[in-house]
Amino acid sequence: MSADLTRIERAYERGRARRALFHALPIALLVAMMSKVSSHASWTAGIGAALVGAAVICLWRGLALGRVVPPAVCAGCVPLVAAMVTMRIGHLCTPAGCATLCVPVCFAGALFAGGWIAHTARDAGRVPLAVGAGLALLTGALGCVAVGAGGIVGLGAGLFLTTVPAMVRRSPA
Amino acid sequence: MTLRREPLDDDMRRLQDGDRDAVSRVFLALWPVVSGYCERLLDNHADAEDAAQAALEKVFGQIDRYDPDRPAIAWVLAVAGWECRTVRQRSVRRRDAPLEHAADMQAGDASPEDLVARAGEIAALRQVLASLDEGDRHTIELAFTDVLDEGCHGATFRKRKQRALERLRAAFRRLTV
């Protein structure tokens, strides 16, 4: 047999890389849009770059890591959109007083996102679930970063509370 | 060679999913089938191998185009068929052919294009013959005129002829690369 398996493997990896870049395009568009509207454009761009890079790597690797990208990014859009909408509303005022909703909304959105990831990736192991939570965190942070550090902490706390118990119950892979 | 369809289809789906362990399994399953198919379509062993290699690189590079609901072998052989067609068209444009078929070429009532192509082939053959040593040239000349040299026995001459033709083919391939 005089076939060159190395060239075939390289062709396979190049094909996977091309496909990963193509499928990460919507995420890149989302990042570009959020960078334009965000009041913290440089932070949003930096977080977005990390999100796109992580998504491309996961999609290129494939298997469970590749499969977790779409539900994780979609889940992360929940706190992202919730934060954007809440910031437009501003304060919630009651007879007792006024309060900002941004941080609680980021936290609640993250609880929903974490639960969604844990449910859709129920056949995945700990590592893909953790990666999915990370991707959801980065996606949600595109919106919650405008809230400030509190938004990011609320986002992280919500994802932690929902995904860590799910991870503990699963096998490592 | 019999190819079991279901394991191949399963491995192709795993390959599509990103399972790198499936690369060598799919390659080992497909190479004999694809290279054999290309050998039947093309006259030249070297061209057949090149076409088979290019076909498998395309299959692996575009694995996301494989439809998991259909048999993988049909798609793979379709890609191989197109690669063989490309190789054949490239060969026609270059106006070259394996030397084994040189005796089949006849001038007859040839068109001007055929005459030009034939002149090019003869020029290439002369150039290649000039690159061989005198012993090989003499052997090839005798082989194509069916005259045995004095002092040469049949078996010895056959061996010399075989080696001379191998060197001629190798020189011709270098010329066309």
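The figures that follow rest on heavy atoms only: side chains count, while hydrogens, waters and symmetry mates do not. Per chain, numbering begins at 1; letters A, B, ... match sequence-line order.
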**Message:** Using a 3.5 Å distance criterion without hydrogens, assess whether the side chain of A/Y12 forms a donor-acceptor pair with backbone atoms of B/I63.
**Reply:** no
**Message:** Starting from B/L28, can I reach B/V79 by hopping between I/L/V/M/F/W/Y residues whose side chains sit under 4.5 Å apart?
**Reply:** yes
**Prompt:** Around B/Q89, counting heavy atoms of other residues, nucleotides and ligands shown, do more than 12 lie under 6.0 Å from its CD?
**Reply:** yes
**Message:** Between A/R19 and chain B, with a heavy-atom cut-off of 4.5 Å, which part of the residue counts as in contact: side chain, backbone, both or neither?
**Reply:** side chain
**Item:** A/L63 to B/D19 - nearest heavy-atom pair and separation
**Value:** CD2-N, 3.8 Å
**Asked** If every non-hydrogen atom of A/R18 is compared with every non-hydrogen atom of B/G61, which pair is closest and at what distance?
**Response** NH2-O, 3.6 Å
**Request:** Ignoring hydrogens and angles, tell me if any N or O in the side chain of A/R16 forms a donor-acceptor pair with the backbone of B/Q16 under 3.5 Å.
**Result:** yes
**Message:** Any salt bridge linking B/R20 with A/E9? Criterion: basic side-chain nitrogen under 4.0 Å from a carboxylate oxygen.
**Reply:** no
**Between CG on residue A/D4 and CG on residue B/L56, distance to nearest 0.5 Å** = 11.5 Å
**Prompt:** Is A/W43 atom CH2 crowded by more than 12 heavy atoms from other residues, nucleotides or ligands, each under 6.0 Å away?
**Reply:** no
**Message:** Under a 4.0 Å threshold between the charged nitrogen and the carboxylate oxygen, would B/D17 count as salt-bridged to A/R67?
**Reply:** yes
**Request:** Report whether A/V69 and A/W60 are members of the same hydrophobic cluster (ILVMFWY, side-chain heavy atoms less than 4.5 Å apart, transitive linking).
**Result:** no
**Request:** Report yes or no: do A/V85 and A/V78 belong to one cluster of Ile/Leu/Val/Met/Phe/Trp/Tyr joined by side chain heavy-atom distances under 4.5 Å?
**Result:** no
**Item:** Heavy-atom neighbours of B/Y66 OH exceed 12 at 6.0 Å
**Value:** yes
**Message:** So A/I8 and B/Q53, do their side chains get closer than 4.5 Å, heavy atoms only?
**Reply:** yes
**Message:** Would you say B/L77 ends up clustered with B/V26 if hydrophobic residues are merged whenever their side chains have heavy atoms under 4.5 Å apart, either directly or through other cluster members?
**Reply:** yes
